[in-house]
Amino acid sequence: MTQGIHAWHDAEVENGTAPVDNGELFYEMAGDGPAVVLLHGGMLDQRMWDEQFAWLIRSGLRVVRYDHRGHGLSSTVAGDYANHDDLRALLTYLGIRRAALVGLSHGARVALDTALAHPEYVSALALAAPGISGTTFTDPFILHHIKEQVAAIGAPDGAEQYVEHFLRMWVDGPHRPASAVDPALRERIRASADANIVAHAGGLGAGMPIEVGAADRLSEIRVPTLVLDGDLDSTDISANAHAIALAVPGARRIRVPGAGHMVNLENTTCFDQALHAFLSSLPQ
């Protein structure tokens with residue numbers, strides 16, 4: 001376990017590692033007030049929240065972001081694990097009794113599982129481009145690129161191909177060519193995915209995530225819930241957003257225009273306004 005302090009946009013940020021079963025999680029935390037935890041997408045890390053981290057701190061909130069197991073600066077996978085149990089262990093380590101969870105993609109999937117497995121720790125959910133445990137992909141575009149990713153494994157330039165198919169699915173999306181996407185966004189996500197592959201290649205196949213199967217239990221969720229999905233994202237993600245909005249009592253869905261899967265980075269203004277309004281509406 002390590003801890004340190006550094007400055008971020010004039011805020012003091014604590015960073016360190018928290019112990020979890022058979023590993024540790026790297027985290028950053030800053031600010032005072034009600035707790036908000038940012039959960040990143042698969043193959044990425046907590047830096048995908050850079051744009052939101054700064055303004056959330058200034059909004060009178062205690063903001064935590066962390067790298068999931070097998071991502072970023074956290075431990076490489078070394079056996080079966082549960083992301084929702086990892087998050088509970090992190091909150092316990094930080095002395096946080098309840099938090100609003102803000103997750104994108106795989107991060108939303110973990111947030112939903114945590115709300116079901118450990119509801120006493122969750123005060124609200126903001127789910128962007130949400131994944132849901134217990135669902136499978138059906139979009140032909142996604143299935144094609146997953147097949148291509150599998151074929152790339154073991155090829156001389158397999159890692160490069162694998163990441164490019166990741167970008168086609170989860171940055172470009174099915175409704176536009178790569179040339180229509182901001183090159184800086186593509187390169188930012190490519191760099192993060194590349195780094196993740198290098199850092200955690202040793203964990204490939206070393207363990208499986210244990211999940212809740214949230215798809216059949218969405219109606220059990222009893223906290224304020226916001227869903228945001230981009231109008232250029234996969235139909236699988238749109239279906240997930242629709243399912244959450246229908247099944248979770250009181251859930252609200254916002255369709256984010258001009259954005260694919262990375263809604264917080266493609267239409268940051270719309271995303272930030274919606275998230276700020278939602279968090280401001282929560283009881284203190």
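Position 1 is the first residue of the sequence; numbering continues from there. Treat the numbers as computed from the prediction; the structure is a model and nothing was measured.
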*Glu164 with Arg186: basic N within carboxylate O range, under 4.0 Å*: yes

*asked:* Both conditions, 6.0 Å and 45 degrees, for the charged tip of Arg65 above the ring of Phe53: are they met here?
replied: yes

*Determine the minimum heavy-atom distance between Phe271 and Ala128, stating which atoms define it.*
CE1-CB, 3.8 Å

_List the residues meeting ring-ring contact (aromatic ring centres under 6.0 Å, His included) with Phe26, not counting sequence neighbours, and say none if there are none._
none

*asked:* Is it the case that over 12 heavy atoms from other parts of the model lie below 6.0 angstrom from the NE2 atom of His242?
replied: no

*Taking atom types as modelled, find out whether Glu51 and Asn264 have a side-chain donor-acceptor pair closer than 3.5 angstrom.*
no

*Show your working on side-chain contact (heavy atoms from CB on, under 4.5 Å) between Arg109 and Ile132 and close with a plain yes or no.*
CA-CA 5 Å; Arg109 187 181 181 113; Ile132 306 175; 5.8 Å; no

*Report the C-alpha separation of Leu112 and Leu101 in whole Å, then their side-chain angles, then the decisive distance to 0.1 Å, and conclude whether the side-chain contact (heavy atoms from CB on, under 4.5 Å) test is met.*
CA-CA 9 Å; Leu112 283 166; Leu101 306 183; over 6 Å; no

*Close side-chain approach of Asn83 and Leu87, heavy atoms under 4.5 Å*: no

*Indicate yes or no for a side-chain donor-acceptor contact from Asn267 to the backbone of Gly258 under 3.5 Å, with no hydrogens or angles considered.*
no

*asked:* What verdict does the ring-ring contact (aromatic ring centres under 6.0 Å, His included) test give for His40 and His106, after you've listed the backbone C-alpha separation in whole Å, the side-chain angles of each residue and the deciding distance to 0.1 Å?
replied: CA-CA 7 Å; His40 63 76; His106 180 262; 7.4 Å; no

*For the residue pair His261 and Ser234, confirm or rule out a side-chain donor-acceptor distance under 3.5 Å.*
no

*Tell me yes or no: between the side chains of Asp233 and Ser238, is some donor less than 3.5 Å from an acceptor?*
no

*Using atom types as modelled and distance alone, determine if a side-chain donor or acceptor of Ser59 lies under 3.5 Å from a backbone N or O of Trp55.*
yes

*Determine whether the side chains of Glu148 and Tyr162 contain a donor N or O and an acceptor N or O closer than 3.5 Å.*
no

_Is the distance from the ring center of His68 to that of Tyr66 below 6.0 Å?_
yes

*Give a yes or no on whether the backbone of Val122 and the side-chain of Arg98 come within a donor-acceptor separation of less than 3.5 Å.*
yes

*Have His118 and Asp85 got a donor and an acceptor in their side chains that come within less than 3.5 Å?*
yes

*Is a salt bridge present between Asp86 and Arg69, judged by a nitrogen-to-oxygen distance below 4.0 Å?*
yes

*asked:* Checking His145 now: which residues fulfil side chain to side chain contact (heavy atoms under 4.5 Å, CB included) with it, not counting sequence neighbours?
replied: Phe141, His165, Arg168, Met169

